[in-house]
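Quick notes on the structure that follows.
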Amino acid sequence: MSEALSRLTDVVLRASLDASLLCLLILGLKMLLGRRWPARWHAAVWLALILRLCLPAPVFSWHVPITLPVIQAPAPSSHSGKPIETSTYSAGRRSSPVPGRLPRSTILPFLWLAGALTTAAFLASGVLRFWLAVRKGRVVTSEPILRLLESTKVEMGLRVLVGLVETDRVRAPALFGFLRPRLLLPKGFLEAFDAEELYYIFRHELAHLKRLDILTGWLVCLLQALHWFNPLIWYAFLQWRRDRELACDETAVWHLDAPATARYGHTLLQLFERFKGPEPLPNLAGVLETPSNLSRRILMISRLAQGCERRWPLASLLVLGGLTVVSMSGFAHASDRSVAVPAAAVAPAPEPWHGFVNDADLLGGWRTADFVKRVEDFQPDQRQWKDPDYLQEMFFHADGTGREVCVNGNSNKWKWTLGKIYAGSPTEGRYEIRQMAGRTFLFFAWMNGDVLSRGHKPYWVVLEKAPRLREVASRVQDRIDYPFDNDPACLGNWSSVDFVARIEDFKPAERHTKEEAMPFKGLEFLPQGKTTGSYRWTRGLLLHDGDHTASRYEIRDMDGARYLFLEWKSGDYTHRGMRPSYYVLKAQ
């Protein structure tokens, strides 16, 4: 545990050092380019910093020759007094060099972990308190206001559902959440502004949604918790939030004419006079988030109203591309040292493929039954491994090929010969077949990283013979090029209320599946074959272009309510050929 924590601390400190140097480079470029850059480019360059902090190690390494002493561990001795053979591990020309380690302390990893957990707990508690308070807010139901919000969404090219809530928890308009976004307004806000001013405010908040600022804000707060000790990282993300507001202003007025852009700036000034910015939370983005940035925002808006800065210079693309390459590179000097490690820790070289030898007992389909430490530990009627199996099924053909089917529906090809199964990487796992309690079981040595890199003994995947198991040769793809045929009965909003295996299983007074266990919450059918999600529809079918599925739907009236039964074609259907179940949606 302490060794793993020390390694993780090394990774974080190295990334923090690289990110600090990158941050200084970004600040220098921003100072050099200044107003010649559009606002969205000022915000975009910080993505290079976020990318570097997300990488556990540099992708590219700039080699700077430095001579460091070779770390040679004293050779361990056997009981006979003779040294045990060791192997020298050295990064090859194609491998990433081993960086010089930062000074390691026994207390430093625990100090870092305590700070990271404290920072994360502080942020999480703030988000939880805010979420509980927002749930008590009043949902805005004024039809003119909701129509204004919907028309603004259409202009901004957004199709996601956005709720409108009045709450005393915010002191200025703010966008809350990204899975189920809500636009929060202070109490009395709707009476203080007219429809045109609300239109401009809606455009700014929806620009946050269009730019995925809430999702990026969560990532930034996680990185701040990991790098809580580095004030330069905190300062960089403060600058990112300021640039984010300018980028949202630019996005909000991008398609407005000069007079409308000027009125947008006037509305912004009114907001600053009457309201205050929201508290900094990862799932919140407000129009007044950075009050100290007002003069810069107004200056940019005035320049946009005059027709300036509406450009995407090629030089900016080159700068952003260069920063991206730099963010994926290591600033730390590479070392050409080699480290002596015990021979047992080095993965044994795989034996070459000696040709195929058939095994009639292995042919056919097998379904995973258990995962055990030793073959002798397996009991046919007792399952030791409680977690879901990664490997679900295996098929073996007479030509020496095999296929695995994983829990996520993915299917990978393997090779095999008598007594050995070769995975996709150059590794081999032994297998043996045993008859137990009148059933046939296959024991397959699972060659994971602990076995190949650390010298551990392999665990065993236990699979039971399944003669009737049918292999799906390829992914199922439905025909989706149906012409649009109108169906007025399906128009409107539908919310999921149950999930059943067959339509006949549904009873309005009973529930087979709890609401929290249903990831598909519902859908709104819009005119002309559109929906609020990633689907499109025609009479009787819901089509998904990405998954190539055509799901049938059927509408029935039951006990005075209208229900829509929708085929749910998940990975069980597309990858394993299983019959789809049904979501039951109720008309709202």
Side-chain angles (χ1 to χ4, degrees), residues 139 141 143-164 179-181 206 209 475-513 515 517-575 577-588:
V139 178
T141 57
E143 187 174 350
I145 301 298
L146 294 179
R147 282 204 303 265
L148 177 61
L149 178 61
E150 289 300 317
S151 63
T152 309
K153 280 170 47 182
V154 172
E155 289 183 15
M156 300 286 289
L158 294 171
R159 301 175 63 182
V160 65
L161 290 175
V162 180
L164 200 58
L179 292 178
R180 297 177 61 186
L206 292 175
L209 188 61
R475 186 182 184 279
V476 177
Q477 293 189 0
D478 294 341
R479 175 194 167 190
I480 59 174
D481 57 342
Y482 294 95
F484 174 67
D485 185 10
N486 194 24
D487 182 8
C490 75
L491 293 176
N493 195 13
W494 302 80
S495 296
S496 299
V497 295
D498 206 353
F499 186 72
V500 295
R502 299 177 306 169
I503 296 178
E504 293 73 18
D505 295 338
F506 175 68
K507 301 292 187 294
E510 301 176 4
R511 291 294 181 268
H512 293 77
T513 306
E515 182 180 355
M518 297 186 294
F520 184 69
K521 302 302 181 184
L523 196 66
E524 183 178 0
F525 286 75
L526 302 174
Q528 301 301 318
K530 300 179 180 179
T531 70
T532 52
S534 56
Y535 297 92
R536 55 187 178 87
W537 65 272
T538 186
R539 180 182 294 271
L541 292 173
L542 190 65
L543 309 174
H544 194 287
D545 294 326
D547 293 338
H548 281 270
T549 55
S551 302
R552 292 189 304 108
Y553 73 82
E554 180 179 337
I555 298 175
R556 295 187 181 183
D557 292 326
M558 304 174 69
D559 293 352
R562 176 161 291 190
Y563 295 93
L564 184 146
F565 296 87
L566 173 65
E567 281 185 330
W568 190 246
K569 293 188 173 180
S570 62
D572 286 338
Y573 170 82
T574 58
H575 291 281
M578 297 176 62
R579 185 180 66 181
S581 299
Y582 288 84
Y583 264 102
V584 185
L585 298 93
K586 186 177 181 181
Q588 299 301 304

To the closest 0.5 Å, what do you measure between [atom1] ([X]) and [atom2] ([Y])?
X    : Y    : atom1 : atom2 : answer
L149 : L206 : CG    : CG    : 6.0 Å
D498 : F506 : CG    : CZ    : 6.0 Å
Y583 : E567 : OH    : CD    : 14.0 Å
D485 : L541 : CG    : CG    : 10.0 Å
L161 : R180 : CG    : CZ    : 9.5 Å
E504 : Y582 : CD    : OH    : 8.0 Å

Classify the ring geometry of W568 against F520: parallel below 30°, tilted from 30° to 60°, perpendicular beyond 60°. tilted
Can you see whether F565 has R556 sitting over its ring - NZ or CZ less than 6.0 Å from the centre and within 45° of the normal? yes
Can you find a pair of side-chain heavy atoms, one from [X] and one from [Y], that are under 4.5 Å apart?
X    : Y    : value
L523 : T532 : yes
L585 : S495 : no
K586 : M558 : no
H548 : D478 : no
E515 : V497 : no
V500 : T513 : no
D505 : F499 : no
H544 : S534 : yes

Between Y482 and R536, is any side-chain donor less than 3.5 angstrom from a side-chain acceptor? no
For [X] and [Y], work out which heavy atoms get closest and say how close.
X    : Y    : result
W494 : C490 : NE1-O, 2.8 Å
R539 : P488 : NH2-CD, 4.3 Å
S551 : L566 : CB-CD1, 3.9 Å
G522 : S496 : N-OG, 3.5 Å
A550 : I480 : N-CG2, 4.4 Å

Y553 ring center near W537 ring center (under 6.0 Å): no
Residue pairs fulfilling side chain to side chain donor-acceptor pair (under 3.5 Å) with at least one residue in residues 144-153, sequence neighbours excluded: E143-R147, E150-K153
Applying side-chain hydrogen bond (donor to acceptor under 3.5 Å, both in side chains), name anything that partners D559, two or more places apart in sequence or on another chain. none
Is it the case that over 12 heavy atoms from other parts of the model lie below 6.0 angstrom from the NZ atom of K530? no
How about Q528: does its CD atom have over 12 heavy atoms from other parts shown lying under 6.0 Å from it? no
Give the intermediate values and the outcome of side chain to side chain contact (heavy atoms under 4.5 Å, CB included) for residues L164 and V139. CA-CA 6 Å; L164 200 58; V139 178; over 6 Å; no
Report the C-alpha separation of L542 and T531 in whole Å, then their side-chain angles, then the decisive distance to 0.1 Å, and conclude whether the side chain to side chain contact (heavy atoms under 4.5 Å, CB included) test is met. CA-CA 10 Å; L542 190 65; T531 70; 4.3 Å; yes
For D547, is there an ion pair with K569 - N to carboxylate O distance below 4.0 angstrom? no
State whether the side chain of T538 and the backbone N or O of P483 hold a donor-acceptor pair below 3.5 Å, judged by distance alone. yes
